[in-house]
Amino acid sequence: MSPRKKLIAGNWKMNKTSADAVALAQEIVSAVGKQTEVDVVVCPPYTSLESVAKVLDGSTVKLGAQNVHPEASGAYTGEISVAMLRAFFASSVILGHSERRTYFKETDAFINQKVIASLKGQLRPILCVGETLGERESGSTLRVVQTQLEGGLEGVSKDMATSVVIAYEPVWAIGTGKVATTEQAQEVHAFIRTLLGKLFGETIAQKIRILYGGSMKPQNAPELLAQKDIDGGLIGGASLEARSFLDLVNAAAAVK
Ligand code: PGA
């Protein structure tokens, strides 16, 4: 049995009005809001954080955000700080998602600033790493993942490291329906854990959860979640409907 509790996180991306988000959160809370076997996090857009927070209040389902700015306050038009997220009782934040790396040109150095600011503000970073199809085909997957991981975690102390969650998301599998094979995923997860061991020591590396993301669905989840180093999922498309998201939570609960 894994020493790490499974975590299923829903990344709602730029979907759902506040009313739609509340309806989805209500369905999730009524189905799994009392269970404690699996950690469940939902990450709605900023505009729904407050309304979803109210729905989650008193349940075991936790609130996450999809991004944060590293500065505490100031002239950063359109940005949101760690303290603003904490004010809604958000406990996690997705950082370094490939969509932010690609469309918003986020660098490892900038992502690292967000990781540090989040940890200092008691927000759990879900740091995403992953290679593009071209990088996989040219044999540079592990090098790319290593650069992103080491860059994103620079300056993170051993004390803080257990609060971090890593998400391995091969870019070519995100939203494409192409899922990594269990062997491909496990290979990279094991590699990430080895790197974490080098950075923080073996005991801490064994405590850090590494999620898989990229077209995870109820059909492919049981096999992925059964892998030794896969500790849960970061779910995009399948998190937008209660039925598929709940099936994923149940799949995680079923893995022993
Ligand atoms: P997907 O997205 O499940 O729709 O592939 C995963 C993600 O981008 O976090």
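Predicted model, so just to flag it, every value in this text is computed and none were measured. Indexing begins at 1, ligand by ligand and atom by atom, following the structure's order. Note that these values count all heavy atoms, side chains included, but never hydrogens, waters or copies made by symmetry.
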By the definition side chain to side chain donor-acceptor pair (under 3.5 Å), identify the one residue from Q186, Q206, H189 that meets it with D229. Q186
N or O pair under 3.5 Å between G214 and ligand 1: no
Lys/Arg N to Asp/Glu carboxylate O, E106 vs R101, below 4.0 Å: no
Could you check whether any side-chain heavy atom of F110 comes within less than 4.5 Å of a side-chain heavy atom of H69, counting everything from C-beta outward? yes
What atoms in ligand 1 come closer than 4.0 Å to a heavy atom of H97? 7 (C), 8 (O), 9 (O)
Between SG of C128 and CG of N11, what distance do you get to the nearest 0.5 Å? 7.5 Å
Just to be sure I read this right, does ligand 1 sit under 4.0 Å from the backbone of S239, its side chain, both, or neither, counting only heavy atoms? neither
Electrostatic pair R209-D39, nearest N-O below 4.0 angstrom: yes
Can you tell me the protein heavy atom closest to atom 7 (C) of ligand 1 and the distance? E169 OE2, 3.2 Å
What I want to know is whether T176 and ligand 1 share at least one N or O pair that is separated by under 3.5 angstrom. no
May I ask you to identify the nearest protein heavy atom to atom 6 (C) of ligand 1, giving residue, atom name and distance to one decimal place in Å? G236 N, 3.5 Å
Main-chain N/O of G130 paired to Q148 side chain as donor or acceptor, under 3.5 Å: yes
One finds that the ligand 1 atoms under 4.0 Å from a non-hydrogen atom of G175 are 1 (P), 4 (O), 5 (O)
State the atoms of ligand 1, each with its element, that fall below the 4.0 Å cut-off from a heavy-atom position in A173. 5 (O)
Can you tell me if K13 has a non-hydrogen atom under 4.0 Å from ligand 1? yes
Under 4.0 Å between heavy atoms, the region of N11 that gets near ligand 1 turns out to be side chain
Looking only at protein heavy atoms, identify the closest one to atom 4 (O) of ligand 1 and say how far it is in Å. G237 N, 2.8 Å
Could you please spell out the steps behind the side-chain contact (heavy atoms from CB on, under 4.5 Å) verdict for W12 and V52? CA-CA 12 Å; W12 296 359; V52 169; 4.3 Å; yes
Heavy-atom contact check, 4.0 Å cutoff: does S215 meet ligand 1? yes
Verify the distance criterion only: is there a donor paired with an acceptor across the side chains of S244 and E241 at less than 3.5 Å? no
